[in-house]
Amino acid sequence: MAKYFLKRLIYAFFTVFIVITITFFLMHAIPGDPLGELVGRLPQSVQESYYAKYGLDKPVYQQYFIYIQNLFLRGDFGESIVYPGRSVNSIIARGAPISARIGIQGLAIGISLGITLGIIAAYKRGKWMDYFVMFVALFSISIPSFVFAAVLQYFLTVRYQIFPVTGWGTFAHTVLPAMAFGLRNIGVKARFMRSTWLDVMGQDYVLAAEATGMSKFDVTFKVILRNALTPLVTIIIPELAFIFVGTFVLETIFSIPGLGTYFIAAVSARDYPMIIGQTIFISTLYVTSMLVLDFVYVLIDPRVRLIKK
Amino acid sequence: MSTVEKNTSKNFDFEFDSNKSLYADGIVRPSLNYWQDAFRRLKKNKVAIGAGIILIFIIFMTIFGPSISGHSFTQMNRQMVNKPPSAEHWFGTDRMGRDLFTRAWVGGRVSIIIGVVGAIVNVVLGLIYGGVSGFFGGRVDTIMMRCIEILGSIPKMILIILISLILKPGIPSLIVALTIAGWIGTARMVRGQVLQLKEMDFVTASRALGASPFSIIKEHLVPNVMSTIIVLTTIQVPSLMFAEAFLSFIGLGVSSPNTSWGAMCAEGQQVILFYPYQLIFPTILISLTMLCFNLLGDGLRDALDPKLRR
Amino acid sequence: MMEKILEVKDLNVSFNTYAGEVQAVRGVSFDLKQKECLAIVGESGSGKSVTAKAIIKLIHDPGVIKKGSSIKYLGEELANKNFDQMRKIRGSEISMIFQDALTSLNPTKKVGHQVAQSLIIHQKMGKREAFDKAVEMLRFVKIPNPERRANQYPHEFSGGMRQRAMIAMALVNKPNILIADEPTTALDVTIQAQIIDLLKDMQEELNTAIVMITHDLGVVAGSADRIAVMYGGMIVEQGPKKEIFYRPKHPYTWALLNSVPRLNTKSKETLYSIKGTPPDLIQPPLGCPFAPRCEFRLNICNEKMPTAYPIIEGHDAKCWLLDERAPKVKVFERLEV
Amino acid sequence: MSKLIEVKNLKKHFKVGRNLYLKAVDDVSFYINKGETLGLVGESGCGKTTCGRTILNLYDPTGGEVLYHGRNIYDFARNEMKSYRKDCQIIFQDPYSSLNPRMTVETIIAEGLRVHNMMNTKDARSKVHELLEMVGLNREHANRFPHEFSGGQRQRIGIARSLAVDPKFIVCDEPISALDVSIQAQIVNLLIKLQSELDLTYLFIAHDLSMVKHISDRVGVMYLGSIVEIAKCDELYSKPQHPYTKALLSAVPIPDPEVEENRKRIMLQGDVPSPINVPKGCKFSGRCTIAKDKCFEEVPVLREVDKDHFVSCFIDQ
Amino acid sequence: NQQQTPAPAPPQEDGNGNEEGSGDSGSDTDPVDSGEVPDEVQFFNYPFMADPRNIDGAMTNFMLDLTIIGNVHQTMTELIFVDEVLTMVPGAAESWEISEDGLVYTFNLRDMNWEDGQALTAHDYALTLFRALDPNSGSVKAGDLFNIENALEYFQGNADKEDVGIRVPDDKTLEITLKQVTPYFINLTYAGLFTPTRQDMVDQYGEQFGIIGDSILASGPFKVKEWVNDVHLILEKNENYWDADSVLLETITFKMIRDVQAIMSELMNGTIDRTSVTIQEWRDRLITTGNFSYGDYVLAGTYFLIFNTDYEVNGVKPLSNVKVRQAISAAIDREEATFMLRGDMAIPATGFIPSTVGLDNHNFREVTNYNPIEAIQARVPDPKALLEEGLAELGISINDFTIEFLAGGTTAQHRSEAEFFQEVLQRELGLKLEITQVETAVRTQNSRAGDFGITYSLWYAGQNDPGIYFNNWLTNLETHSYKTGYDNQQFDEYVLAANSTMDEEIRRHNFNRAEWLLAEEDCIVAPIYHPISSMMTAKYMRGFVNQNFAPTAFKTVYTVGRE
Ligand SMILES: Nc1ncnc2c1ncn2[C@@H]1O[C@H](COP(=O)(O)OP(=O)(O)OP(=O)(O)O)[C@@H](O)[C@H]1O
Ligand SMILES: Nc1ncnc2c1ncn2[C@@H]1O[C@H](COP(=O)(O)OP(=O)(O)OP(=O)(O)O)[C@@H](O)[C@H]1O
Ligand SMILES: [Mg+2]
Ligand SMILES: [Mg+2]
């Protein structure tokens, strides 16, 4: 087991390494210049000193080696070009928890409501309630998030001043973005849960459990839920990785100081260290989540054995 | 083996049935081919058919809609700036006095093309990649899956943005950008299916008959992953349209003078308070289309589900 | 005469599906006496499993037990009981073993806990105590190493052990009736013999009456007391074991008995075979369900459902051939009509 | 009688982990004469299917050889292999997964004809019709799809498919176990009829011993990848030698109450061990009621105890 | 020798709440009524669209940063409207002198203290300048100072610190020696470069100096209380400010709000108190609430088209012909463009130099009395005919080519602009444009490389001087913001002549000629409109003073009757 995970860990490490390499060169291949806007109108000599400051005067492969060196020897993601003096590490360390907070709250809304609706729909299969829930679910999937967020903002902050428009710090600030984040999730999770639930409900062991005289409550929560959770967990864990990087749309509309805006802004400003730093962050999270998933599988589904006997 | 006594009864009811053909040996179901049968099942699904009809209508409108209104989608009109829907301009006009009805359908063209073509590209790529990986298995599979894993761990948004920047802006490059990340899921799914199908007895039978790998792929594997693929395609269309809308929101969508529903939503979102109709119409169209594609996809999934019915 | 502990009368079960109403069970009636083993045999899809589930009312949407069906357990009408009342009976008075032991065990729960489950429910036992009892029960059904096995998950069991675990689960509360739905079908002959043996022991030691469902006549020959033959959702013939084997009255029973080779039949001799396929239960034939495939079909068979003709006490069959107006038919050397 | 197929020391090991092999077929030898049926019985997982498929070169063997007309098929050149493929066919257990649900019956049956370029489309069609009638279906069924047929009918389609290429030898891999009792007889009758009409040779795999006895000329009993006993049918059933065979025969349920009531069963303890960790010595020793010390140490070899009756057991030695 | 002056380069070019406008009148808030009683609690909330980057006058070029710097530091001088005339008034310098030859500037500092009570000296001001010139700091501001004696040499490592013309004869005197007459130089003194920096703080914080709140030591009316990145930056009153008595505000909160709609919503909700509005619908709606006083200011900026004479398509250079360029410029109805693209939030262009830019204490447009747009439209009554003529000279027909139009960026506004010109040129001239819409980072690169046919741009005046507008079109420049291939000795002479004298008459004449060449005769640019910003201020706010071309200072602000 330990050996298996060690092996996976090494694979994961290589995956991230290759991702870094690909992104690094891909990024330098695209047009655009991180300093263009900043120093474009400055004398040549000033420009040069600026490029030199960020090591951008060297050939790309050299920049790559320097970067890799700093990364592996000191865990240093470098310094942002757009925000001079700020280390990418610190920006991530500050922004990721904020993004994650919105993500977790949104996911919590999405998962709890989605699961509930999905289960209701499954039990009422073929009835109007089922159709209604599924229609709502589909509808929630079909609205672009920026439209929904804008409408939400308009009604709950401008029209009825229930929540602050933007800002960060209190719980009230997180409500709207989490709602907007959760909405789509409700639909996705409800649909997923419904089909999984129906699947499990049709299994013989559910009938067998009932035949032992279990109550409806126990059958629902101890047998069906337990078994329906496995597939759910497998789709949620990778999602958990991505909540740390936030969503650009919501973070822009609600001015949340998370990572999402930084990410898109970094890409469009060609803030190389920021882009790579965040890419590493995201892919590490993703790869880790896959590892965790494997681990969780073993925990929640006894049928899964990592090594055949 | 058996002896039957001469029938002595005068009662007709109790005479042996002279019709010796045993009709139960016949087949109860009418003869329909697989697709006809699937279509028959699909037809019973009112919701899916409804969704299909709406989609056909929308597609029809994206083709002919712009010419119905009598306005060009780029024509500006100083006198008609930001006018709400009227008999002249059914969806109203935008900030430059352009007819939104016309623009909506022109934008629909782009959105739908991106959605449909993107989904097809996704599926074709995924089919080929996943098919090869699954069919050959072993080393090839391991390596190919590793590659996918790496591609999958590069943040999707980075890939999309990078690709849309490397290529010259335009619809084709948008499609490439949007599909670069999307086909991975398809490939994984196809691979899974192929791995499963490969072990099916009819493939073994084909091998026992001496069929070549190529003909096995062509005759057995491809047709059998087809239904999954069709469903997947319909489900991917909306997600691609969504991604395009997002790109439009961050300003990387289609380039002018072309527009798309996503771009129109992004513009409308800016003036939601003042001219809500500028947001409402494209939003309704985009949502309706997504809804219909999803519903159709669900319907197709049910209809095409190759549950080897017993 | 022993007491009847189960009386099923005119049981009708239907499923409302996409394609139409599947009349899976149509007017099934039978009795079960104490300590008796009733075997229900019949073709796949003939309604055996549905009948079994209907006894403890485990028919779920889209299935319904039709009005007018009566299931009397020790004189009590089960058909009118609600879920909670039924719950008290399930697993304690009447237990059931399902067709496929792999899919009938909860994959995410340790076998010991699954066995202990109905003890906790019905005897209000503590978890620990119930688990210990479950281990005992596993030992009783001859699972080697029960202490260790109780802590394993179903997928770690072999097919035979799973089936035994299912039996243990069904028997912990010493039920009066055990319904065993094809308990041996998926198993190898040597394992099958072990299970049949086990069931017989149970019957002896715990005084359990068994309803055994199978399509293997060999299994029936060894273990049943009485046999009910089902076809197309109906019991077409039922009677004591030897009556059914040696004096069958229904052409379907004849066919069934003759289509299997015995170790003593001649090699490569043509076996008796039933042509055609079973009826579609969405639109079951007007008359006898077997008529379309019956070699001795009379004209009336196509139109009218035969009633049960009593042969001797406890043996009856639904076949027009038994009517006095019908021609006499003589089949096979070994069997007389 | 000439030996059509001769299997010599055939081995098929599946790799299931690092240095971990599942010995599905482990040193199996037997032969099948032309025109005869060899039955192969044994518990689930003992390697019957693997054995059949390896003989058809659907699996690459780990060792040993299969002689067809006296020549090792694993040495065949490409074209020879192709004609071997034509001569040797297989019928599957599961009538549902063995037919491609997206193909018409005609395309399914004619697949072999296409693969081997045996005839043009028109001739192929009449051949398909002929085959359909031969297996008891009718020509109208040619344009239908598998899902429109019942299990028994599907099994007939599978048989027609294998017959299309005029095979000499067919591996019948449990062709009846998925079918209803009432349908089984139809298929068995059909197989017997075809054998006599077309002079076919069968390897008939099953675990229903009564059926095997009914159809086979000789029967081999497999246990954990090895053949433990092989003999003429009547001989095996009347005078079984190996304790496993005995137990197996004693466990076969017989649909006759009186016989059943008076039978004495040999009850085997426990289950078949996993083929990954086979017990030392005789593989059956762990469940054998009469095992001696030697059985736990040494591996018995197949030896001829009577004419054409081979047993691998130390008993009576 | 090249002269380049920094443009303020606001990151959001249409000042959505970020910039203070350069208006024509002193204050947009209600006149101070002496009878009013200021509120007990004094605070002010103001939006920013992004996080400040660097609160260090030596380093930054960004409007956001400069606004903060202007409020936490005392600039050398201040520029404010005095009786509706933009006037430089004393800041840190109680007085200053410029030598006869215009080369030596002497500033006499007042007695002031740092936030922590330490005395402020001329060394602190010199340090900022030296830090800007330090080649290792990579400051974008260095170029501004290259006209100082030996500054360039120092920057390049060829001169010692002592040789540079920045000297501190005593603690209260700063003396700057230029190597040539530089008319705009005095304009630098009211901006970031002429703010103080203290050596010990730089030493203590190193790389982090100016980047975290703690490292910022105030010399101005406010000091940094808290800076939470991307959330807000809070200033509070600096009690050690020399003029602390006249400062009423206790706190200023700069809120980071990324979305324009959100800024407007917050203004509506009263969670911010003032912002610049450039969206007409919002302006009108905010006015109707009656809660705001407002003033519309024509900003010191010009939106204009730029033609690339080197642009080649199908082997010809359509824009190399001046008639083609003139036809295009003349074909565009400035009224229509203004209305379509900006509504009331712009005025049609009156020239290339914005209408609010001054030339030595006079309005440039007024003193030159020249409107290149009217001139070109009068000169070209039939643009289509002129276009044909030009094309005929080139030997091509209008259907032979499309011109690449490089849009200003990727926002919806940029999209509309591009679509407008595409439609108008098609309509008026039958000329086809192909729009390239790329991100700003790419766009900047493309325009610098001359990779466009026509592009649309905005320049804001960083200083109250026309000079900087023309530099880009000088021939022998190492770097062009827009590479157009324009090459006219005459133009170079005009611009250089104007830039190297303090004589107003000569400057006026030469600038006028340069503008004439650029916007009419050679028609390299086609000015379209000047943007308007509407300052919306909550009714209870008082005391805003407009400081054109300099970051807004809030030291005179207070509230009356805030609820
Ligand atoms: N949930 C259901 N929905 C619809 N039809 C059903 C359902 N369950 C059973 N049926 C139908 O009821 C009929 C009887 O089924 P049942 O399971 O009782 O057959 P069986 O005799 O147990 O067969 P087998 O030997 O294959 O287990 C079948 O035709 C089946 O299709
Ligand atoms: N492709 C494979 N990879 C790994 N193991 C395999 C493979 N195919 C078969 N096996 C294993 O080989 C052993 C023999 O399998 P085989 O299918 O030949 O048994 P069988 O006798 O046909 O069983 P059954 O009666 O269940 O069909 C089993 O343990 C099986 O799990
Ligand atoms: Mg059943
Ligand atoms: Mg097998």
Side-chain angles (χ1 to χ4, degrees), chain A residues 11-12 14-20 22-23 26-27 29-32 131 134-135 137-139 141-151 153-154 158-159 184 187 191 238 241-242 245 247-249 252-253 260 263-268 270 275-276 278-279 281-287 290, chain B residues 47 51 146-168 235 238-239 241-252 261-262 264-266 268-273 276 279-280 282-284 286-295 297-298 301:
Chain A
Y11 270 131
F14 272 102
T15 306
V16 174
F17 183 77
I18 293 170
V19 168
I20 297 172
I22 292 175
T23 320
L26 207 60
M27 219 175 44
I30 62 176
Y131 290 118
M134 282 304 105
F135 184 79
L138 259 179
F139 197 73
I141 297 172
S142 303
I143 301 179
S145 60
F146 59 87
V147 172
F148 182 69
V151 171
Q153 191 178 48
Y154 169 62
V158 184
R159 226 344 140 57
R184 216 181 128 70
R191 277 162 65 88
F242 287 105
V245 288
T247 44
F248 172 77
V249 171
T252 304
I253 291 180
F263 187 52
I264 301 291
V267 175
S268 50
R270 307 292 182 275
I275 301 175
I276 307 217
Q278 298 212 26
T279 305
F281 180 63
I282 299 172
S283 38
T284 308
L285 279 173
Y286 178 73
V287 172
M290 288 297 150
Chain B
V47 179
R146 266 280 115 70
C147 291
I148 274 205
E149 200 172 293
I150 289 168
L151 203 57
S153 4
I154 302 180
K156 237 183 177 171
M157 219 50 236
I158 273 219
L159 269 185
I160 290 180
I161 294 174
L162 292 190
I163 297 296
S164 69
L165 293 172
I166 287 176
L167 302 171
K168 234 182 148 33
I235 305 257
S239 63
M241 285 170 52
F242 228 94
E244 190 276 332
F246 172 71
L247 282 188
S248 287
F249 181 79
I250 63 172
L252 290 175
W261 286 336
M264 293 178 73
C265 282
Q269 189 244 328
Q270 299 290 311
V271 290
I272 172 175
L273 284 177
L279 175 65
I280 289 170
T283 305
I284 287 178
I286 202 169
S287 301
L288 189 66
T289 310
M290 287 190 191
L291 195 68
C292 288
F293 268 111
N294 273 317
L295 288 172
D298 285 359
R301 194 206 315 267

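All values below come from the heavy atoms of this structure, side chains included, with hydrogens, waters and symmetry mates left out. Each chain gets a letter, A, B and so on, in the order its sequence line appears, and its residues count up from 1. Just so you know, these numbers come straight off a predicted model, no measurement behind them.
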Between A/Val245 and chain B, which part of the residue has a heavy atom less than 4.5 Å away: side chain, backbone, both or neither?
neither
Counting heavy-atom pairs closer than 4.5 Å to chain B, which one of A/Ile275, A/Ile264, A/Val287 comes out on top?
A/Ile264
Non-hydrogen atoms of chain B under 4.5 Å away: do they reach the side chain of A/Ile20, the backbone, both or neither?
neither
What do you reckon, is CZ of A/Phe139 surrounded by more than 12 foreign heavy atoms closer than 6.0 Å?
no
With a 4.5 angstrom heavy-atom cut-off, which part of B/Ile154 approaches chain A: side chain, backbone, both or neither?
both
Going by heavy atoms in the side chains, are B/Asp298 and A/Met134 under 4.5 Å from each other?
no
Once rounded to the nearest 0.5 Å, what's the spacing between atom CD1 of B/Ile272 and atom CZ of A/Phe146?
11.0 Å
Could you tell me the separation between the OH atom of A/Tyr154 and the CD atom of B/Gln269, rounded to the nearest 0.5 Å?
14.0 Å
Hey, which of A/Phe263, A/Tyr131, A/Tyr11 has the most heavy atom pairs under 4.5 Å with chain B?
A/Tyr11
Nearest heavy-atom pair of A/Tyr286 and B/Gly152: which atoms, and what distance?
CE2-O, 3.7 Å
The reported gap from CZ in A/Phe148 to OG in B/Ser287 (rounded to nearest 0.5 angstrom) is 11.5 Å
Identified side-chain contact (heavy atoms from CB on, under 4.5 Å) partner of A/Ser142 from the options B/Asn294, B/Thr289, B/Thr283, B/Leu295
B/Asn294
What's the shortest heavy-atom distance between B/Phe242 and A/Ile143, and which atoms?
CZ-O, 3.3 Å
4.5 Å side-chain heavy-atom contact, B/Leu291 and A/Phe135:
yes
